[in-house]
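Below: one structure, written as structure tokens.
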Amino acid sequence: MKAIQNCLQKIVIYKIYSLEKQKMEYNDNEVYNHIGVVFLIVFSYIVIILLFLSVRLFNELRNNSTLIVCVTILCFSAKYFFVKHLRQKKYVQAIHKEYLQMDLKKRKENYKNGLYYVVFVILFPLFNILVMELIEFITDN
């Protein structure tokens, strides 16, 4: 849990610093939206992997459009409740207070680490596709 919290903190600092670099005004909603998108991507692809494995194991789940709709609703609901929970805890505001106390070197270091996490999240689907293709290749042979 501590690792996830550390990752989330780095992503928040990345977004705050990127707003600062772009000469944009700090906005909590912008940061929460960014967190929501990152969470949605990660959660969606984890669910898709599980769905892929389920379909491979149980053929009767193939071509089931209801399952796709349910998964989509599940992903967006999970994102909504996750961001809502963070808003209630005022998570971004607490990280922003810490950010303001950091020196420039520490801000840049945290920005760079947060950028790595965001890039990993963007490339996460490609890694998942590679794993799924590998599983399909192994099960077909």
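Reckoned from all heavy atoms, side chains included, excluding hydrogens, waters and symmetry mates.
- A pairwise comparison of heavy atoms in V83 and G36 identifies CG2-CA, 3.6 Å as the closest pair.
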Worked verdict on I35 versus V12 for side chain to side chain contact (heavy atoms under 4.5 Å, CB included): CA-CA 7 Å; I35 292 169; V12 170; 3.4 Å; yes
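- Annotation: Y116, atom OH; neighbour count of heavy atoms from other residues, nucleotides and ligands within 6.0 Å does not exceed 12.
- In this structure, I11 CD1 and I16 CD1 are separated by 12.5 Å, a value rounded to the nearest 0.5 Å.
- Side-chain atoms of I13 and M102, non-hydrogen and from C-beta on, do get closer than 4.5 Å to each other.
- Ring-plane geometry between Y17 and Y111 is classed as tilted, the angle between the planes lying from 30 to 60 degrees on a 0 to 90 degree scale.
- Inter-residue side-chain proximity for Q9 and N110 is flagged as unmet; no heavy-atom pair is nearer than 4.5 Å.
- To the nearest 0.5 Å, atoms NZ (K90) and CG (D28) are separated by 9.0 Å.
- Taken together through direct or relayed side-chain contacts under 4.5 Å among Ile, Leu, Val, Met, Phe, Trp and Tyr, Y80 and L74 form parts of separate hydrophobic clusters.
- Taking the side chain as every heavy atom from C-beta outward, N29 and R87 approach each other to under 4.5 Å.
- E20 and Y99 are linked by a side-chain donor-acceptor pair at a separation below 3.5 angstrom, with hydrogens and angles left out of the test.
- Linking Ile, Leu, Val, Met, Phe, Trp and Tyr whenever their side-chain heavy atoms come within less than 4.5 Å leaves Y91 and L40 in two separate clusters.
- Rounded to the nearest 0.5 angstrom, K10 NZ and E109 CD are separated by 7.0 Å.
- Between the CD atom of E98 and the CD atom of Q93 there is a distance of 12.5 Å, given to the nearest 0.5 Å.
- K2 has its side chain out of reach of N6: every pair of non-hydrogen atoms, C-beta onward, lies at least 4.5 Å apart.
- The hydrophobic cluster containing L100 also contains Y14, counting ILVMFWY residues as joined when their side-chain heavy atoms lie under 4.5 angstrom apart, directly or transitively.
- One hydrophobic cluster, built from ILVMFWY side chains closer than 4.5 Å, cannot hold both F76 and V42; they sit in different ones.
- L19 and Y26 get closest at one heavy-atom pair: CD1-CA, 4.4 Å.
- When the shell of 6.0 Å around CD of Q88 is examined, it contains more than 12 heavy atoms from other residues, nucleotides or ligands.
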Under the side chain to side chain contact (heavy atoms under 4.5 Å, CB included) rule, what do L8 and L86 come out as? Steps first, then yes or no, please. CA-CA 11 Å; L8 187 58; L86 290 178; 4.0 Å; yes
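- Residues M24 and I95 share a single hydrophobic cluster, defined by chaining ILVMFWY side chains whose heavy atoms lie under 4.5 Å apart.
- Closest non-hydrogen pair, A78 versus F43, comes out as CB-CE2, 3.6 Å.
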